[in-house]
Number of protein chains: 2
Amino acid sequence: MTRRCEDCGVRDRALCGSLDDAELAALAQLGVQRTLARGDTLMRAGDPPLVCANLQRGVMKISTTTAAGDETITGLLYPGDFVGRPFAGAIDQDVVAVTEVELCVFPRAAFERALTNHGRMERLLLQRTLAALDHARLTMVRMAHASATARVAGFVDDIGRRQAPGCRPGAAPAFDLPLSRGEIAELLGLTIETVSRQMKHLETAGMIERVGRRGVVVRNAPALAAVATTA
Amino acid sequence: MTRRCEDCGVRDRALCGSLDDAELAALAQLGVQRTLARGDTLMRAGDPPLVCANLQRGVMKISTTTAAGDETITGLLYPGDFVGRPFAGAIDQDVVAVTEVELCVFPRAAFERALTNHGRMERLLLQRTLAALDHARLTMVRMAHASATARVAGFVDDIGRRQAPGCRPGAAPAFDLPLSRGEIAELLGLTIETVSRQMKHLETAGMIERVGRRGVVVRNAPALAAVATTA
DNA sequence: CGAACCCTTGAGCGAGTTCAACGTGAGTGG
DNA sequence: CCACTCACGTTGAACTCGCTCAAGGGTTCG
């Protein structure tokens, strides 16, 4: 799979949206299109990070495995998100595809050179990383204080915003959860059973509708968002 | 308080440790030494960030106030840490001194110019921010999964590493907690009472010794670290 | 000395876990 | 086509950890 990724800058508006043509061309020179199947690992904790990438399609998870052996998901990556740790010696978390994903992959050394040569790219990456840091810190709040209902509601709300962004206002957002119940439980720090119960609770409260195992239709988005922050 | 901060680069090894003399001189030109009393606010959520700074002495907290009105501490800043959001429009969290602190403050515009002119500084800031992001994600794990005992043990362990780094091996690290019980509770997502009980529990288990209200002597650091990750 | 603040300690309660059983759908081989 | 299996999800019952409410100490400041 060595096809050049010529549209990496076009698709990844979050990182490359404000780059000029020369910069986009430089990125296209570097990028290689790659597809990963569900469950494939892009980076493994402990390894030196060999690549950086832009996620174009699908969802990936960032996870650690504790000494006790249980996995914990510490974050999710959606289309447009940047993956990798340029200038870092080693990474301490795994990055794994939870759905089939499409990536624009850059060899790390070349990507670092590109950052050095194109100051704006480095600037954008810095801004984005600072934003991700703030987001992570705010997520911590949810993890620390929120009830199980709020966590699950917040998760569904988040996914809804990211998975069905093009949904026109008024229509009920419908989408598939990219994660299994067990993965949701890991992410939210709950048990599978509690996630299941809370999903049911959100359904009986009329906020969502469950379609099959993973399908969700948001019936009352404002109420869902309110529960996510309130309870 | 407009004294030039001439040693900002010397003290803040984490950010400036690998800068050359010209870069350090450039920073010294910009920096202004400033002292904040306990409780003073450096940045307020919603405001545009007017300054960036390096924390030299003391401890600050990053916190948000939810709609419900209760404060949540999302992170702590220690000497050597960078404060601020260069290139950001507005910040969404408060930064407040929890002890008396000493800062090397840079006007934001000037600091941004310095980053632009000295690529290595921007590089270092990016690396540090990526590291902070990883740290925040791993902290989330603690918030999500860990028991009250593990949270408190982890907190004490963390503080011990940061507050008494020069402690020679073999000696029991002794230090004062920079936060009140209430602040610890906010940070860990617990109640004051639970924090108090867990501190006592760590003491009766022989891992720590409490000296007055805030003093702590770590008697069994390995056990403490083990509890932080295990339970 | 009283007041305010912070910390500690106790008793009861509730949310979420644990343990266990059952349901359901997809894939497999007879 | 049906039985079998296996992974995933749901549901129920008992238990536990941490919260809530309440009272009691210690210190500092007027």
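Naming convention: chains lettered A, B, ... in sequence-line order (proteins, then strands); numbering from 1 in each chain. The figures here come from the full heavy-atom set of this structure, side chains too, leaving out hydrogens, waters and symmetry mates.
The minimum heavy-atom distance linking B:Ala153 with B:Val227 is given by the pair CB-CG1, 3.8 Å. A:Ile192 and A:Gly182 make their closest contact through CG1-CA, 3.7 Å (heavy atoms, listed as atom of the first residue, atom of the second, distance). In this structure, B:Thr149 and B:His201 approach most closely via the heavy-atom pair CG2-ND1, 3.6 Å.
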**OP:** Starting from the C-alpha separation in whole Å, work towards a yes-or-no answer on side-chain contact (heavy atoms from CB on, under 4.5 Å) for A:Glu100 and A:Arg57.
**Re:** CA-CA 8 Å; A:Glu100 183 178 290; A:Arg57 197 174 52 79; 3.2 Å; yes

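Side-chain contact between A:Leu190 and A:Gln198 is absent, with no heavy atoms from C-beta onward closer than 4.5 Å.
Heavy-atom distances to DNA chain C give each of A:Arg213 and A:Gly189 a nearest nucleotide, and the one nearer the 5′ end belongs to A:Gly189.
Non-hydrogen atoms lying under 4.0 Å from DNA chain D are contributed by A:Ile192, A:Glu193, A:Ser196, A:Arg197, all within residues 190-198 of chain A.
The CD atom of A:Glu203 sits 15 Å away from the P atom of D:dG9 (whole-angstrom rounding). Taking atom CZ of residue B:Arg181 and atom C1' of nucleotide D:dG25, one finds them 15 Å apart after rounding to whole Å. One can place NE2 of B:His201 at 14 Å from C1' of D:dG18, the figure rounded to the nearest angstrom. Rounded to whole Å, the distance from CD on A:Glu186 to P on D:dG9 is 12 Å. D:dG18 atom P lies 15 Å from atom NE2 of B:His145, rounded to whole Å.
Between atom CG of residue A:Leu103 and atom SG of residue A:Cys52 there is a gap of 11.5 Å, rounded to the nearest 0.5 Å.
Not less than 6.0 angstrom separates the ring centroid of B:Phe106 from the ring centroid of B:Phe82.
Taking every nucleotide of DNA chain C with any atom under 4.0 Å from a non-hydrogen atom of chain A, the first and last of them, 5' to 3', are C:dG16 to C:dT24.
Panel note: side chain B:Thr204, backbone B:Lys200; a donor-acceptor pair is recorded below 3.5 Å.
Close to D:dT11, at under 4.0 Å from its OP1 or OP2, lies a side-chain N or O of A:Lys200.
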